[in-house]
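Inspection log for the structure reproduced underneath, given as structure tokens.
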Amino acid sequence: NQLTKGDRGQIAEKIVGIVYDSQGRFLKWDIRDKCWVEVDFDAARGKVTHYFRALRERKQRIQKQSSVHESKCSDATKRAVEDPASETTTTPTLRTDGAMVANG
């Protein structure tokens with residue numbers, strides 16, 4: 001269920017409105033004056049949409065890393081359990097560091 005760009009913009013505007021209604025502000029660091037300054041509504045909306053975009057990208061990156069890790073674990077499990085050189089059945093264990101080890 002992907003939201004359209006317009007939907008995301010409306011949600012960002014509502015969030016900015018809620019922050020303003022609760023006496024909150026959106027700030028940016030002014031390099032020249034070395035202080036925080038309040039930004040206008042459009043910049044505040046941009047900050048909110050940027051935050052959600054970064055959050056979505058982070059979530060996708062974590063999911064991708066997780067699927068790669070699961071794939072590696074599956075391969076390690078197959079090798080540990082189906083080792084033709086071994087005459088015994090082994091039970092693979094996933095250590096806390098993510099390494100797969102075979103227990104005999």
Looking at CG of L55 and NE2 of H50, how far apart are the two atoms once the value is rounded to the nearest 0.5 Å?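 Answer for the CG-NE2 pair, L55 versus H50, is 11.5 Å.
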
Identify each donor-acceptor pair in which a side-chain atom of residues 10-30 lies under 3.5 Å from a protein atom, sequence neighbours left out, and give them as a table.
unit_1 : atom_1 : unit_2 : atom_2 : d
E13    : OE2    : R45    : NH1    : 3.1
S22    : OG     : I18    : O      : 3.2
S22    : OG     : V19    : O      : 3.0
D30    : OD1    : R32    : N      : 2.9
D30    : OD1    : D33    : N      : 3.0

Would you indicate whether I31, at its atom CD1, is surrounded by more than 12 heavy atoms from other residues, nucleotides or ligands within a distance under 6.0 Å? no

Per the side chain to side chain donor-acceptor pair (under 3.5 Å) rule, what does the pair list look like for residues 51-62, sequence neighbours excluded? none

Cluster link V48 to W36, ILVMFWY, side chain under 4.5 Å: no

